[in-house]
2 protein chains.
Amino acid sequence: MPGSEYQDVRKLNLFSRMADENFASLMRGAYVQNFPAQMELITEGDPSDFFHIVISGSVDLFSSWNGRETSMATVRPVSTFILAATIKDAPYLMSARTLEKSRIALIPSQDVRAVFDADGNFARAIVTELAQGYRSVIRAQKDLKLRTSLERLANYLLRQQKHAGGGAVFELDFEKRRLASVLGMTPENLSRAFKSLQPYGVAVNGTRITIGNQADLEHFAKPNPLIDDHSS
Amino acid sequence: MPGSEYQDVRKLNLFSRMADENFASLMRGAYVQNFPAQMELITEGDPSDFFHIVISGSVDLFSSWNGRETSMATVRPVSTFILAATIKDAPYLMSARTLEKSRIALIPSQDVRAVFDADGNFARAIVTELAQGYRSVIRAQKDLKLRTSLERLANYLLRQQKHAGGGAVFELDFEKRRLASVLGMTPENLSRAFKSLQPYGVAVNGTRITIGNQADLEHFAKPNPLIDDHSS
DNA sequence: AAAGATGATTGATTAATATCAACCCATAAG
DNA sequence: CTTATGGGTTGATATTAATCAATCATCTTT
């Protein structure tokens, strides 16, 4: 792993406070690989042999049941995925595939567990990371159970707008079909949902979104920090 | 806190391996109280001042948005709730109310965080607990996104049956209106869903469920360990 | 036992969402 | 340049689920 990548990973909250030696040990045991787009990295149900770090590109976490499939989350650089399975030494609950050409570091799960036992700062960081992830999923569940698909889209747009800097014009960071799946709806429905938001000043041009009337949209979406504020 | 209760709490995975002294310290600082039914213990958005342990009775975790409300989970003795908020020192994402007369221990969150820093075994137990909780919510989200309400009910019945010992006859451990909310549907819909399961041999009498044709129901429900097996 | 409350069920209707089919459009391959 | 290909959109329809209203059942209180 080149030094710049090494530093990028080191800066992650999960790794930033652990002992140099322990971090180096984890990285020595890591397999860093470039994967093409659409490569299935892990399959749900498989034993969680590796903890994954996305160094560049992006990864879709998804799940299937009875012939159906849904997108659970997207992982972007530089961050990690399936920490809980690694820690519990339990099967993956989600599958993962690259969305584009991606560079991924794979750390043997047993190494993570070993260093977890040895390094208190790493253990604390893991706790924070898990607690954060836990709360994120709770928020997602509230979003799903309390809102209609139109409301979920409206709030997603507001979140994404904020994330993109807050301007009236911004880009979706999802392919629409996958955004639909993440929001728990069909692509057809997403297309209609965008139309339904036109009265609130939402204009769509490919992946470029313009929010013409911020106040109107917010009045409709009723964003709530306990659902939408992913920093807390 | 009486000795028997003290021992019951001590036996929880979360506490069973920590140092005697640290456990005693946590318990010394705890407030143990009896609450009547329907008492709101915490309100979402409030600072997470206390970590909670249900000693007897039961507690409903629920969330609200825009005048709607949904049941997220039910906590039964002896177990704990809102660990993630306590650890992160972040606002509660869910509200909690007693479903019946309940005995609850409240431990100041800062005590939990302090002992977490001091006791490696406790820290490890917290990690396991958080990872378990995280995975449970992921499973719930898959249940919600991949299944219809009828399929969710069928699988819930199979889970509950297993939990009750596996016999053809068992009891629901929910009031139906709240079961409906947990499953993400209306009470009316739940009522109709039970009827729709009659062809699969499901008979309902109050809270007593009889599964007349196990194979048929399973064939319809298609239970999957990656969604329904809450032990892994 | 009568009255009141609460939860559960049922029927009728409406709303939300998915499905199916066709078509559009951009882009990449031949 | 033409042809595939895949995402996106649109319209028609079907399914799923929510809402509204009424009734029924159960349990508690008086």
Side-chain angles (χ1 to χ4, degrees), chain A residues 36-38 60 64-71 74 97 99-101 143-156 171-199 202-209 220-221, chain B residues 36-38 60 65-71 74 97 99-101 143-157 171-199 202-209 220-221:
Chain A
Q38 307 303 330
D60 184 37
S64 307
W65 178 80
N66 194 25
R68 297 166 214 167
E69 182 179 309
T70 189
S71 220
T74 300
R97 75 163 75 87
L99 290 169
E100 56 194 304
K101 193 166 170 305
D143 194 43
L144 273 172
K145 291 186 78 176
L146 290 167
R147 290 171 170 163
T148 66
S149 59
L150 192 56
E151 291 164 342
R152 289 198 295 278
L153 174 60
N155 280 291
Y156 166 78
E171 298 280 328
L172 293 177
D173 60 352
F174 283 110
E175 197 178 34
K176 279 185 192 159
R177 54 175 27 243
R178 214 152 36 71
L179 173 58
S181 185
V182 167
L183 292 177
M185 57 205 289
T186 58
E188 294 96 324
N189 235 344
L190 175 63
S191 192
R192 291 177 189 117
F194 273 122
K195 278 195 156 180
S196 304
L197 290 180
Q198 276 177 11
V202 174
V204 187
N205 191 320
T207 60
R208 168 161 275 121
I209 306 292
F220 169 74
Chain B
Q38 307 303 331
D60 184 38
W65 178 79
N66 194 26
R68 297 165 214 167
E69 182 180 310
T70 189
S71 220
T74 300
R97 74 163 76 88
L99 290 168
E100 55 194 305
K101 194 167 169 304
D143 194 43
L144 273 172
K145 290 185 78 176
L146 290 167
R147 290 170 170 164
T148 66
S149 60
L150 192 55
E151 290 164 342
R152 289 198 295 278
L153 174 60
N155 280 291
Y156 165 79
L157 290 179
E171 297 279 329
L172 294 177
D173 60 351
F174 282 110
E175 199 179 30
K176 279 183 192 159
R177 57 177 23 243
R178 215 153 35 70
L179 173 59
S181 185
V182 168
L183 293 177
M185 57 206 287
T186 59
E188 295 96 323
N189 234 344
L190 175 63
S191 193
R192 292 178 188 115
F194 273 122
K195 277 196 155 177
S196 305
L197 291 180
Q198 275 177 12
V202 174
V204 187
N205 192 320
T207 61
R208 168 161 274 122
I209 306 292
F220 170 74

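Each chain gets a letter, A, B and so on, in the order the sequences are listed, and its residues count up from 1. Quick caveat, the model's predicted, so the values are computed rather than measured.
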Evaluate the criterion side chain to side chain contact (heavy atoms under 4.5 Å, CB included) for residue pair Thr207(A) and Asp173(A); output intermediate values, then yes/no. CA-CA 8 Å; Thr207(A) 60; Asp173(A) 60 352; over 6 Å; no
Show your reasoning for whether side chain to side chain contact (heavy atoms under 4.5 Å, CB included) applies to Phe220(B) and Leu150(B). CA-CA 10 Å; Phe220(B) 170 74; Leu150(B) 192 55; 3.8 Å; yes
Leu99(B)/Arg178(B) under side chain to side chain contact (heavy atoms under 4.5 Å, CB included): CA gap, chis, key distance, verdict: CA-CA 10 Å; Leu99(B) 290 168; Arg178(B) 215 153 35 70; 3.2 Å; yes
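Rounded to whole Å, the distance from CG on Leu179(A) to C1' on dT9(D) is 15 Å. Taking atom CD of Glu151(B) as the reference point, atom P of dT15(D) lies 15 Å away to the nearest angstrom. The nearest whole Å value for the distance from the CZ atom in Arg177(A) to the P atom in dG7(D) is 4 Å. Rounded to an integer number of Å, the gap from NZ of Lys145(B) to C1' of dT17(C) is 15 Å. Regarding Arg178(B), its CZ atom lies at a distance of 17 Å from the P atom of dT6(C), rounded to whole Å. Here the C1' atom of nucleotide dA18(D) and the CD atom of Glu69(B) are 17 Å apart, to the nearest Å. When the C1' atom of dT15(D) is taken as reference, atom CE of Met185(A) falls 17 Å away, rounded to whole Å. When rounded to the nearest whole Å, the span between CG of Leu144(A) and P of dA17(D) equals 14 Å.
Here CG of Leu197(A) is found 14.5 Å from CZ of Arg192(A). Values are rounded to the nearest 0.5 Å. If you take NZ on Lys176(A) and CZ on Phe194(A), they are separated by 6.0 Å, rounding to the nearest 0.5 Å. Separating the CG atom in Leu153(A) from the CG atom in Asn189(A) is a distance of 10.0 Å, to the nearest 0.5 Å.
The phosphate of dA17(D) has OP1 or OP2 within less than 4.0 Å of a side-chain N or O from Ser149(B).
Residue Lys176(B) places its side chain closer to dA8(C) than to any other of dA18(D), dT9(D), dA8(C).
Side-chain atoms of Lys145(B) do not come within 3.5 Å of backbone N or O of Leu183(A) as any donor-acceptor pair.
Residue Thr148(B) is classed as a sugar-phosphate contact, given heavy-atom separations below 4.0 Å to backbone atoms only.
Listed in residue order, the members of residues 188-196 of chain A having a heavy atom less than 4.0 Å from DNA chain D are Glu188(A), Ser191(A), Arg192(A), Lys195(A).
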